[in-house]
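Worksheet: one structure, shown below.
Everything numeric in this text was worked out from a predicted model, so none of it was measured. Along the sequence shown, the residues carry numbers beginning at 1.
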Amino acid sequence: MSEHMLRRKTPNGTLPAGYDGTSVEWGPNKRLMGVAEPQRHFFPQSPIVQPEPQQFPLDTPSRATFGFASNLSTPNQIWLPGNTGPQSLDSLLYQGAQPIPNHQHPIYQVPYVAQPGFWPPSHPLTVSNAQPRFGPYWPDGSFEPFRPSAFLDSHLSMPWTNDTMLDSQSYPAFPPSISPQNTFHGWNAIGASPLHSPHDPRAGFPRHISDTDIIAHPADNPRNVNLRAFQNQISPPTASQWSPASIPHSFSASVEGSNAEFKSRVLFYAHRTHANLLEIRRQSLPKSNKHHVSRSMKRSAIGTRENPAHQQQQTPRVQIAPFHVQPQEMRSFADRVHLGIGNTNHPSRDTQSLSSPVDYHKPQQPLLHNSSLTNTPLNNAKQEAENALRILDGICSTSDWTWTDGILLGGCLAYGLEHFDHALQWYDRVLRVEPDNVEALSNAAAAFNALKRRKEAETYWYRAIKLRPNHWEAVEHLVGLLCQEQRPHDAVNLIQSVERAIQTPHQIKLPTDESQTPSFNADRGMMQLSLSPNQRSVYNIPPAENGRLVALIHAKGNMLYALGDNTGASRAFEEAVLLVCGQRFTGISALIKHILAVFGQYIISHRPDGNTQLAPFESTLLPPLIALETKKLVFKPSGQLPGLRDVPIHLQSTAVLYASNSLLSLAKIYQDGMSSGATVPQAGGVMPGVQDILALYYLSLSLQPSPSTANNVGILLAGVQQTVQPKYLSQLPHQGETSVPGVVHGSGVAFALAYYNYGLSLDNKHAHLYTNLGSLLKDIGQLGAAIRMYESAVSCDANFDIALANLANAVKDQGRISDAINYYRRAVKSSPDFPEAVCGLANALNSVCNWKGRGGIVFSNSKHDRWHVDEEGMLIDARQRSTNTSGWICRVLAIVEKQLEDGKSWGKGTTRRPDFSQLISRTNLAGNMLCDQNVQNKIVEAVASWTDQAWEGAKVVRLVERATRQLGWQMYQERYIKKVESPVTYQRPRLPTSLTVPGAPTVLPFHTFTYPLTANQIRKISQRNGLRISCSTLKAPWLPNVIFTPPAPPEPCLRVGYVSSDFNNHPLAHLMQSVFGFHNPSRVKAICYATTPSDNSIHREQIQRESPVFYDASAWSIDRLVKQIVSDGIHILVNLNGYTRGARNEVFAARPAPIQMSFMGFAGTLGAEWCDYLLADDIAIPPSMLRPYRGNVSLLDQAKDNNHRDDDGSDWVYGENIIFAKETFFCCDHRQSAPDAREDKLLWEEEKKRRQQMRKELFPDLEDDTIILGNFNQLYKIDPTTFRCWLRILQAIPKAVLWLLRFPDLGEQNLREAAAQWSAPSVAKRIMFTDVAPKHQHIARARICDLFLDTPECNAHTTAADVLWSGTPLLTLPRYEYKMCSRMAASILRGALPRGSQGDAAAKDLTASNEEDYEAKAIELGTGLALVLTGRQESCRLLELRRMLYEGRWTSALFDTRRWVRDLEDAYDEAWRKWVAGEAGDIWLKDVIEKNKL
């Protein structure tokens, strides 16, 4: 399926339209990254993207309802859960071209757990319901316990200075005892300062650096001490020395209190006990809850402790807006916890043991080591932890509570034991000694949070961040808390403030106004620095901490994305990408350019012939095997990201996850925008293209193979129309391409299949991959395989609404309507506001006349949709005052109204942008090429009036299209009329880069045939679809920079091209199969372009045989077909599809011919600039339904045509110029191709006998006086008002029966049930059904029917011609003045009747003016026939009409195909004459023919 099928990158995909005999619903919905996959340690559970740990999956909340993808900034949204395997990196941002919001904001859905979420080992930035509370778990599943503050944590400290950062050369060489891999290169080399004396309480641990140390030796005393390096240096105790057995359960404080060695052993013992407790807690959780712990628990963030003096002198204070905490709010810590510990002004005097309030032998809680408790590993670990805590309590008490390392670890043990109040007492002790101890502040905040005292938690985390902006635990926990409290803007401001505080001072100025809201401009200097590999980062942090910063920036991008700020999100992700690339590139565009360049070099280097020329897209149409090598090609030789080179080895995998995810998220935003109309430019204003996005995806995929990345690449490649045949592919191993009939090796589709299969090799339970693979298979005609893929998707996720809707569409195409309805219902149940599911269900129910709950739409005049149906299936009169618009038809109407209203703002502001000025220049509005100065001024004035108005973008697109058409006319005039060589280069006007492909409404133009919509709604639905096709085509890379050269003058004849997918056994071919050979070769040469393969039917064979030129273009790309049309010199190009299955409307949007028109394929307006004319008559299209301004030629016409104005109160529908046929516009080939056309013509009496014989054969049980009323349309054309009318007719004619088709068969039961509810049993039993017959039998047996009752909502079209050819009278009602599909039968009927008064009278008898007239005419005709059949009279009006139709079919205009072709040729001549002359207006063939006779 291509863009002509209305490929929709809404959240949900591609939708084709259908017409007449094939009621096409929606095609497969492309799932462009639309559902949130399980979030694991990430913040928050929302559209915010977080990398996922590989071995530690988390539970996700129960599936939320789905909405549709628009208005990302709308509050109260929900984001979709998915199901990705452990190896994936999937989250919402990767899954959805447009995320699908609903009624609850995603950020606020999952309760916060203060387990660090996006960076180990302290992952606080998460709003996940599934985070372990007792310690960080690494993405690889390994356990890392909390580290006591005595171990100076290099992750959490940094040498703050007010000058530039210190170079790595300033640090001494590593001591021999320290392994280089355990250090941060250039940052955490450990100075050779001696250990403290045994009398120092910190003996055995590195001393804290004093103020004098910093001042005297700023480069020799780094304060970033690496734990493992330090342990190597001090030779920690052996296992026997620090085992639990070596630590007594009781001791003499006087002896041990000053023993530094003993303190060292206790600290190591307590640390190991704490780690053991956390690990056993995790292992003891039930399997289902192992990663889903109590939401009330918060973890303490334990990190390095710094001397407050250093921090006050050295650390810049972070400025955080807008939630400032005043100093007076920082009350006494003891007052806050209400424990009355003592005078905090004299902490040394307060030597009370913290064990005394909580006696561990007689505790307030049950004794964890009570003998009555089960001797389990968890209880043993709790006993051990309490023992360690008691020992620490004793030592700290005898040390006058000055041993802050031990106190801090005591608080951690209390927290691990879930004694949160007790933990607060320990942290209070630390803060009495060191009020600015960052670790104690942060841990206290975690304890407050565990106690649900969030205001205090926020206050303490905020204070910790003010003291040390790079204290990541505090930052990440506070961001998580803000998000849980529905304050995402504050969270973003917090991150931005931290970034500003840690930026290198000489590169960016901190704002002096603390209330100033930080803003991130991707064009600022810090993002544009071009740094060599050896230069510093723009952030004043150790390079080893780049991973933490990337995670923070990544989280900021996620939150901005969730808030609907795609521009801000993309800039954040760009910032993260540039950071991991080591600031080697001046911007994201430079990185993309580099990636594409290395791809090109790679391909050229692997060519055996040495050719250095690259075909379009050759550098980006790459199989997965090569894409996985991207990182090694870009960052030679190892593929290591320069910005993450110094991150510790055990953390690099997580850092790379964030790097990959940032690339993926950035590409996803670009891809979403390109398909939905919300494209975000790269920094510098450059709009990303398909190749740019692929480059980002490939790099992301090489860093972290992910099924979601493969999914997105597949979607992107499926839309690439180029085909490459690079020779290097044959030299590579198997690329994963699947051999599918009709798929060309090296095509975008072939590569898309390869990536879908590759993604499934990573995760064979990935519902989105199965869904998109199914959609692609359906697009290329593999319906059975597509259904299997959709079924696989549903088996992975039984509530996946998009897969369910796609599966419903597919099985419906197979004729399995009942199954389709079941799947639609499941989709709607899963997602009540999902437009495709709601409308799909409505269409499916309507197609089988299941009207229960349909409701109805109340029109002001009650002329339309008169009878509604309630939930019980009973009728409701819309004329009753109490009747309101209701039911599922009301939901469809609400979707239509909302989507059309949203579409008004698409492209708003375009005319104010610089790229629009370039468009004005290119179209030469300021010159004299297309019009004089006066006209130019009017055009400029008109365009200026569009600015910031509704439909501004649509008007700009039409202006570009009109300018292209006008330039083609100008070239023709100069080349063939004036015969001069113009110095002008006819550059093709391009759409402004700010305009991207808009979405189309869920209700497609074909669906408007059976929905009771207004004229305005019907027109706008077609216009929006036409606009989408225009934009997608005008942005196609294959479109040349110059306009197509117009054809030479028609010598000797016009060259007319017919483009259709229906040159097979299809109603259109049945009606037009002789037309192409009937053309007068001196006037028209017909050239047919068949866009579907041959079905070897007699209809295809005849068209192919009789057409002067016939192309089987079924395997051609759009650009090839367009080039062929231009090469053939086509003057007039005819669209025989319109908005129906298989259309190639992009061909027309490219404007390959001077004149383009549409007829016979679609009964309505196309609403597109690429359609100049419709062929109709004044019955099918009343002149009152035309746009008042009829000029469709010049730029001035376009500027003032009001095509998109909806405030003028008019209900016009048709903006195209109309060719009004002299007779009926409808072409019928029955005189040549009907089953009895070549038989001997029977006289009327002979025909009556044959008819009676056929009646007996088909209905042997019917009595001779039975009147057969019939309708042979598909049942979707029947509406409740019409069916009620039929029942009333049956009631009024006791001997009548109603003959319907099982079309489909499921409708029979529903109609019988409705008849039983709405009428008497004697009426309901007189409805009979037969199966659908083959075409020739269908036409032959139509003569059995006495009167054909047409469907007023959507008339019989081809069926009407079949019925009238058989001689059966047809009663019709043109219910709508503005719906062509509701008026076509009246036009066809008039063409079948004789000219003159006799035919006029017959047309009056068979054409009703309203429902009441329709009912009365049917009863009158049927009653008259009943009198004849019972012998009470000899003749009646119905028999007269039958005879008139039967005998007149050989002379009527309707069946005179040669007459129709002659009139069409007159229309072609006149249209060409008007184009050459530059004339506007409609064409009335009657006047043209009369004029030609003179």
Side-chain angles (χ1 to χ4, degrees), residues 43-44 107-108 110-117 122 124-129 131-134 146 293-303 320 323-342 344 354 357-358 364-365 407-408 410-432 435-467 471 473-488 490-491 494:
F43 160 81
I107 290 181
Y108 319 134
V110 184
Y112 168 81
V113 177
Q115 163 61 32
S122 337
L125 223 170
T126 176
V127 181
S128 171
N129 66 330
Q131 297 294 350
R133 59 181 174 175
F134 297 110
F146 294 141
V293 235
S294 169
R295 299 178 185 182
S296 65
M297 284 294 298
K298 315 288 182 177
R299 67 148 291 186
S300 299
I302 306 173
I320 304 175
F323 49 103
H324 300 291
V325 180
Q326 300 301 324
Q328 58 267 29
E329 293 182 75
M330 292 295 297
R331 305 191 308 273
S332 163
F333 189 92
D335 292 340
R336 284 186 176 275
V337 297
H338 306 293
L339 295 177
I341 295 177
T344 56
L354 289 185
V358 183
Q364 298 172 358
Q365 303 179 35
I407 303 172
L408 191 58
C412 297
L413 283 166
Y415 185 96
L417 289 166
E418 303 188 33
H419 301 160
F420 303 124
D421 286 320
H422 196 51
L424 288 174
Q425 297 178 55
W426 287 89
Y427 299 141
D428 173 64
R429 292 291 188 173
V430 178
L431 293 174
R432 295 183 197 184
D436 288 341
N437 186 298
V438 173
E439 289 71 33
L441 288 167
S442 183
N443 290 353
F448 277 125
N449 210 8
L451 293 169
K452 298 184 179 180
R453 297 166 63 177
R454 293 175 180 171
K455 184 60 180 177
E456 288 100 328
E458 178 181 339
T459 299
Y460 276 81
W461 272 324
Y462 174 76
R463 186 181 175 193
I465 297 169
K466 293 277 285 186
L467 292 169
H471 186 62
E473 278 74 7
V475 175
E476 294 164 350
H477 279 84
L478 181 53
V479 170
L481 175 62
L482 293 172
C483 287
Q484 188 221 359
E485 293 188 340
Q486 305 186 12
R487 296 162 60 187
D490 287 347
L494 170 63

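Under the 4.0 Å criterion applied to side-chain N and carboxylate O atoms, Glu458 and Arg463 are not assigned as salt-bridge partners.
Taking CG of Leu451 as the reference point, atom CG of Asp421 lies at 5.0 Å (rounded to 0.5 Å). The line from CG of Asp490 to CG of Leu482 is 6.0 Å long, rounded to the nearest 0.5 Å. Between the CZ atom in Phe448 and the CG atom in Leu424 there is a gap of 5.0 Å [rounded to 0.5 Å]. Taking CD of Glu476 as the reference point, atom CG of Leu494 lies at 10.5 Å (rounded to 0.5 Å). Interatomic distance, CH2 of Trp461 versus CZ of Arg454, reported as 10.0 Å (0.5 Å rounding). Put simply, CG on Leu431 and CG on Leu441 are 5.0 Å apart, with the number rounded to the nearest 0.5 Å.
What you find for Gly411 and Ala423 is that their closest heavy atoms are O-CB, 3.5 Å. Across Cys483 and Pro488, no two heavy atoms sit closer than the pair SG-CA, 4.5 Å. The two residues Tyr427 and Cys412 come nearest to each other via the heavy atoms OH-N, 3.4 Å. Taking each heavy atom of Leu478 and Ile465 in turn, the nearest pair found is CD2-CD1, 3.6 Å. Val430 and Ile407 get closest at one heavy-atom pair: CG2-CG2, 3.4 Å. Closest approach of Leu481 and Ala457 over heavy atoms only: CD2-CB, 4.3 Å.
The backbone N or O of Lys455 sits less than 3.5 Å from a side-chain atom of Thr459, completing a donor-acceptor pair.
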